[in-house]
Amino acid sequence: MTLSDKMLHAIVASLLVIFVVTYPAKMVVSGEISSSLLWVGLIISIPLTVWALVRLFTDGSSARKHFKTKNSIWFAVFAFTAGIPMIVTMAVYKGIPVFGHLFYSEPAIVEVTVERKRSRFHVRGYIFCEGIFYAKEFKSSFDNSICGLEKNDWYNLKIGDKVTLTGNISSFGFMYSDYKIHDFTD
């Protein structure tokens, strides 16, 4: 394995670890920085994706050897062009705020208004988060969902209800740990 292969593996593996570790965090990223973080993630992903594709078509690289023996070069092209931008963008979008938030944040209580909720309590793909609703006050460009409601609370929740979230706030966003629903009336 060449030094270039090792560096590429290390960078992508590090970003994958950041993505996996921060994905389940119950945090809403601040609307002011969310667009910037998405663009930063996409910009960083472009050279990494190109680098991975170049390594895929370079004779003697570990990626080429691995995928060539499995006769799946075109699968690798698809996986690299879809997977690397997704991993990098999510690692930057969620990782930077979560780690930054852990270093400096202060306790806070935020009251939000239910804008809408998911059509089902259990949503496929959201393995760490059930009982999802969207708050009017959080207008993130990528993910402004609040999750973790108990089943009965979620089923009784209506548009316009007020929910108090308890957690920590920073310039990166709001990480919540508990909730209280105020109003189940129409």
Side-chain angles (χ1 to χ4, degrees), residues 11-49 82-151 153-183:
I11 291 169
V12 173
S14 299
L15 291 168
L16 184 60
V17 167
I18 292 170
F19 169 66
V20 169
V21 168
T22 59
Y23 177 74
K26 292 181 179 177
M27 181 171 183
V28 181
V29 178
S30 173
E32 293 84 37
I33 65 169
S34 65
S35 295
S36 300
L37 288 173
L38 282 174
W39 280 109
V40 168
L42 287 172
I43 290 168
I44 291 171
S45 73
I46 291 169
L48 280 175
T49 304
I84 291 175
M86 183 201 69
I87 290 168
V88 172
T89 302
M90 287 306 297
V92 169
Y93 178 80
K94 192 88 172 213
I96 289 173
V98 167
F99 286 124
H101 188 82
L102 293 175
F103 287 111
Y104 76 96
S105 64
E106 54 189 42
I109 296 174
V110 175
E111 185 174 273
V112 297
T113 308
V114 177
E115 183 175 49
R116 64 185 175 92
K117 65 180 188 176
R118 290 281 185 148
S119 58
R120 296 188 320 254
F121 179 76
H122 299 286
V123 178
R124 186 179 296 175
Y126 283 79
I127 58 174
F128 295 106
C129 213
E130 300 177 315
I132 299 172
F133 76 92
Y134 297 89
K136 287 182 183 178
E137 291 77 8
F138 296 124
K139 294 296 181 187
S140 167
S141 62
F142 191 68
D143 182 24
N144 62 343
S145 61
I146 308 295
C147 66
L149 271 64
E150 296 291 327
K151 199 173 213 173
D153 290 342
W154 186 84
Y155 278 111
N156 291 320
L157 194 67
K158 293 178 182 58
I159 294 174
D161 283 351
K162 300 288 185 186
V163 178
T164 298
L165 301 171
T166 306
N168 293 314
I169 197 164
S170 71
S171 58
F172 291 108
F174 183 72
M175 188 178 290
Y176 54 96
S177 57
D178 198 15
Y179 71 92
K180 179 183 175 199
I181 300 176
H182 292 276
D183 186 14

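Fair warning: this is a prediction, and the values are worked out from it, not measured in the lab.
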- request: Tell me, with the steps shown, if C147 and Y176 meet side chain to side chain contact (heavy atoms under 4.5 Å, CB included).
  value: CA-CA 9 Å; C147 66; Y176 54 96; 3.7 Å; yes

Heavy-atom check, side chain of V114 versus side chain of K158, under 4.5 Å: no

- prompt: Which atom pair, heavy atoms only, marks the closest approach of N156 to D161?
  reply: O-OD2, 4.0 Å

- request: Measure across S145 and I132 and return the closest heavy-atom pair with its distance rounded to 0.1 Å.
  value: CB-CG2, 3.5 Å

- request: Find the distance between OG1 (T49) and CE (M86) and round it off to the nearest 0.5 Å.
  value: 11.5 Å

Heavy-atom pair with the smallest gap, counting every atom of Y93 and V29: OH-CB, 3.7 Å

- request: Output yes when a side-chain donor or acceptor of K180 lies under 3.5 Å from a complementary backbone atom of T166, and no otherwise.
  value: no

field: Set of salt bridge (charged side-chain N to carboxylate O under 4.0 Å, His left out) partners for E137, sequence neighbours left out
entry: none

Donor-acceptor pairs under 3.5 angstrom involving side-chain atoms of residues 96-111: please list them, not counting sequence neighbours.
residue, atom, partner, partner atom, Å
H101, ND1, S170, OG, 2.7
H101, NE2, N168, O, 3.2
Y104, OH, S171, OG, 2.6
S105, OG, H101, O, 3.1

query: Can you find a heavy atom in the side chain of D153 that is under 4.5 Å from one in the side chain of V163?
result: no

Over all atoms of both residues, closest heavy-atom pair of Y155 and K117: O-NZ, 3.6 Å

query: Heavy atoms, side chains only, cut-off 4.5 Å: are L48 and V88 in contact?
result: yes

query: Atom CD of E115 and atom CD1 of I146: how far apart are they, to the nearest 0.5 Å?
result: 11.5 Å

message: Minimum heavy-atom separation for Y134 and R118, please, with both atom names.
response: OH-NE, 2.8 Å

- line: Value for CD1 (I87) from CD1 (I11), rounded to nearest 0.5 Å, stands at 13.5 Å

- request: List in chain and number order the residues that pass ring-ring contact (aromatic ring centres under 6.0 Å, His included) with F133, two or more places apart in sequence or in another chain; answer none if no residue qualifies.
  value: none

field: V112 versus A135, closest heavy-atom pair with distance
entry: CB-CB, 3.7 Å

field: Between NZ on residue K94 and CG on residue L37, distance to nearest 0.5 Å
entry: 12.0 Å

- line: dist I159:CD1 -> T113:OG1 (nearest 0.5 Å) comes out at 12.0 Å

Beyond-backbone contact of L165 with V28, side-chain heavy atoms, under 4.5 angstrom: no

CD1-OG1 distance between I84 and T89, expressed to the nearest 0.5 angstrom: 11.0 Å

